[in-house]
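Order of the sequence lines fixes the chain letters, A, B, ..., with proteins taken first and strands second; residue numbering starts at 1 for each chain. Both backbone and side-chain heavy atoms feed into the values below; hydrogens, waters and symmetry mates do not.
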Protein chains: 2
Amino acid sequence: MENKKKTTIKDIAKALNITPSAVSKALSDHPRISDKTKKAVKKVAKTLNYQPNHLASALRKGKSNLVGVIVPRANSNFFSSVVEKIEERLSKEGYNVIITQSNESFSKECKNIESLLYTQVDGIIASMANETTVLDHYENIKSKGVPLIMFDRGEDTLEVDYVGIDDYNSSFAVVEHLKNQGCKRIAHIGGYSHTRIYKNRIIGYKEALESFNLPIENELIHECNLTIEDGRRIMQQLLELPKPPDAVFAASDFAALGALQILEENNIAIPNDIALVGFSNETFTSLIKPSISTVNQRSERIGTLAAETFLKRVNDTNWKPKLNKIIVDSELIIRDSSNKSKLLD
Amino acid sequence: MENKKKTTIKDIAKALNITPSAVSKALSDHPRISDKTKKAVKKVAKTLNYQPNHLASALRKGKSNLVGVIVPRANSNFFSSVVEKIEERLSKEGYNVIITQSNESFSKECKNIESLLYTQVDGIIASMANETTVLDHYENIKSKGVPLIMFDRGEDTLEVDYVGIDDYNSSFAVVEHLKNQGCKRIAHIGGYSHTRIYKNRIIGYKEALESFNLPIENELIHECNLTIEDGRRIMQQLLELPKPPDAVFAASDFAALGALQILEENNIAIPNDIALVGFSNETFTSLIKPSISTVNQRSERIGTLAAETFLKRVNDTNWKPKLNKIIVDSELIIRDSSNKSKLLD
DNA sequence: TATGTTTGTTCAAACGATTGAATAGATTGT
DNA sequence: ACAATCTATTCAATCGTTTGAACAAACATA
């Protein structure tokens, strides 16, 4: 069973008594090779179970047809769906996609970048880990002339193509919705403001409050890592306030879930006593009771657009100077956790 | 900013007025190179921001230090955790991991294998798509002499190393637990029996019923794709039976969730009227109400062991003939959906 | 002093595929 | 019939790194 030695173009050449270069050209349909030879080569290639050696051709051509993707974690609806779309789009163009996950860790992210560059990928599509504040490793990608596209979590100081939603507007829309539900004291469990998207969500939240003449109170605003545990801890703190909020907007569904657990453990009616909205449209938000209102980040469009931005970058080499920022519309999904009117039905 | 031309060992050699081969040897700490030269080379390498070209060294060495992983979907607790552990273990050994997902599709799985082989990976660690019944593409991996390790979803006919749990015993334990809860008519929402693990779960279920003198009734046994929708559909059918079951054991948490939704929509008490157990310990099983009893497949151990099996294969080349089947103990997690005694507290 | 050993480096041939230039043979034009 | 053109192929260099063999110089041994 073991064909230990892999067949190369040399083997095909020998079998047909022609040179390896003729074989190479035949396989890539070079116009100057006769149809007869092409047919013969392809036939022998098949019978010998020939598989081109990617390493060799990539080395010679200076192009690996590999694209690296870095996500904070694959175990998330949003990211796995983005990745799926990137793969779908790029495979049509003959690229293979290498997926790596940083697990939200800065050092893992650095390692991932290092190994992707080492693998000689033709480009990198990435979303930053929560931990990341220094950007040297990303600058390193740029300095090597490797195209870099960021999505969802990116920073402005890093001057690269970006695809994501308008976090400011999304956040604004959430607060507007909660106001329309009659909420007056809206708390925010946010991500750390050193990350652009979380900063924008905080600003959107604050400016919405302002424009609706609702109070901005620091005791209602918390920054954290947005885990379930963080959600629980902060919700607990909010409940212990002399004047607890009547709505909570969490910048992640996981934090929202933690908050929801605490509310249920304290027998607080959702959404009537306290309304709740999350962010990202994780699968579980629609599965649990009450279902959690959230923001759909349009992962499919983001994935496809990220892939297409990369393709433009590699195909239009003269398009270098211009920078691309693509903002995709998000969608507020109103579910039971914040829909008071539904209770009247 | 753009360093268009990447630095190679030739550049380093020129800078120090030595030959490229001396540089290569210095960088890999060859014993015959003087410490003085090594230091100098490494210093210049750093200042020139030298990054070795993986393609060239892999081509020359005939080893890419890349390992491919194929999972049905990354968006799952079990698989993403396995992948994480594989990565953790292999990166210690200097390997980089390429993750691909088949999305449960046979054709995507074929493409993944093709592109991994094309990338010249040193090995492949895979779990089969649900759709897959023909195994030619896996045989192709073997015939190329590339080590192949299967985990969780593998077939016996494919004679390769395997890591997984004992599905038969796990299934048996679930039924035993349900019997201990006083259940007498236990239904099974199973996967298609052409897949080994689902077949074993069905056999475990049947033989458990037999050994506890419970009836085996075909109307209580259904094979499907184990999606939420399948769970809903089959649960509906089970409820419409003249004699509905008093327990349902689903071979996946998603199917269990679908069943749970139907039960709640019909105001059927869980676990008292109908007890429910799933499989895989997906995140949401502990988050929803009632929490779903399930089987923990020990993804971390499976991941680590799969990685280590691969390492053994590549390091002990003379270990060829022996075949490795590693069975990891699973763990039954009893939660509210099947714990009647808890209600008495 | 001749001989053997150690040390540090260079040489040259790979790895497998690609590609522009060179070449030989067939075909066309005048 | 001789040059010009076209066709199908071979030649040879190249991508960047690795590695065993070769080599020269320095050193130790007898």
Before you tell me yes or no, could you show the steps for B:Asp161 and B:Arg313 under salt bridge (Lys or Arg N to Asp or Glu O under 4.0 Å), namely the whole-Å CA-CA distance, both residues' side-chain angles and the distance that decides it to 0.1 Å? CA-CA 9 Å; B:Asp161 296 323; B:Arg313 268 290 170 234; 2.7 Å; yes

Between the main-chain N or O of [Y] and the side-chain N or O of [X], is there a donor-acceptor pair closer than 3.5 Å?
X        : Y        : result
B:Ser127 : B:Phe151 : yes
B:Asn315 : B:Leu311 : yes
B:Asp11  : B:Thr8   : yes
A:Thr119 : A:Val121 : no

Nearest-Å distance, [atom1] ([X]) to [atom2] ([N])?
X       : N      : atom1 : atom2 : result
A:Asp29 : D:dT9  : CG    : P     : 14 Å
A:Ile9  : C:dT19 : CD1   : P     : 11 Å
A:Lys14 : D:dT10 : NZ    : P     : 15 Å
B:Lys38 : C:dG8  : NZ    : P     : 9 Å
A:Ile12 : C:dG16 : CD1   : P     : 13 Å
B:Leu27 : D:dG16 : CG    : P     : 15 Å
A:Lys63 : D:dG16 : NZ    : P     : 17 Å

Would you work out how much the helix from C:dT1-D:dA30 to C:dT30-D:dA1 bends between its ends, with each end axis defined by five base pairs, to 10 degrees?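 Computed angle between terminal axes is 60°.
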
ring-ring contact (aromatic ring centres under 6.0 Å, His included) involving A:His194 - partner list, sequence neighbours excluded: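 By the ring-ring contact (aromatic ring centres under 6.0 Å, His included) rule, A:His194 matches A:Tyr192.
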
Pairs meeting criterion ring pair (Phe, Tyr, Trp, His ring centres under 6.0 Å) with involvement of residues 52-99 of chain A, two or more places apart: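 Qualifying pairs: A:His54-B:Tyr118, A:Tyr95-A:Phe310.
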
If you count heavy atoms of other groups shown closer than 6.0 angstrom to [atom1] of [X], is the number above 12?
X        : atom1 : answer
B:Lys39  : NZ    : no
B:Glu300 : CD    : yes
B:Arg73  : CZ    : yes

Scan residues 111-121 of chain B against DNA chain D and write down, sorted by residue number, each residue with any heavy atom closer than 4.0 Å; if none is found, say none.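 Heavy-atom cutoff 4.0 Å gives no residues at all.
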
In a table with atom names and distances, give each donor-acceptor pair under 3.5 Å that connects a side chain of residues 16-23 of chain B to protein atoms at least two apart or in another chain.
unit_1: B:Thr19; atom_1: OG1; unit_2: B:Ser21; atom_2: OG; d: 3.3
unit_1: B:Thr19; atom_1: OG1; unit_2: B:Ala22; atom_2: N; d: 3.4

Could you run down nucleotides 9-15 of chain C 5' to 3' and tag each one B, S or - for protein heavy-atom contact under 4.0 Å? BBBBBBB

Indicate, with a heavy-atom threshold strictly under 4.0 Å, whether A:Ser57 touches base, sugar-phosphate, or nothing.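 Touches sugar-phosphate only.
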
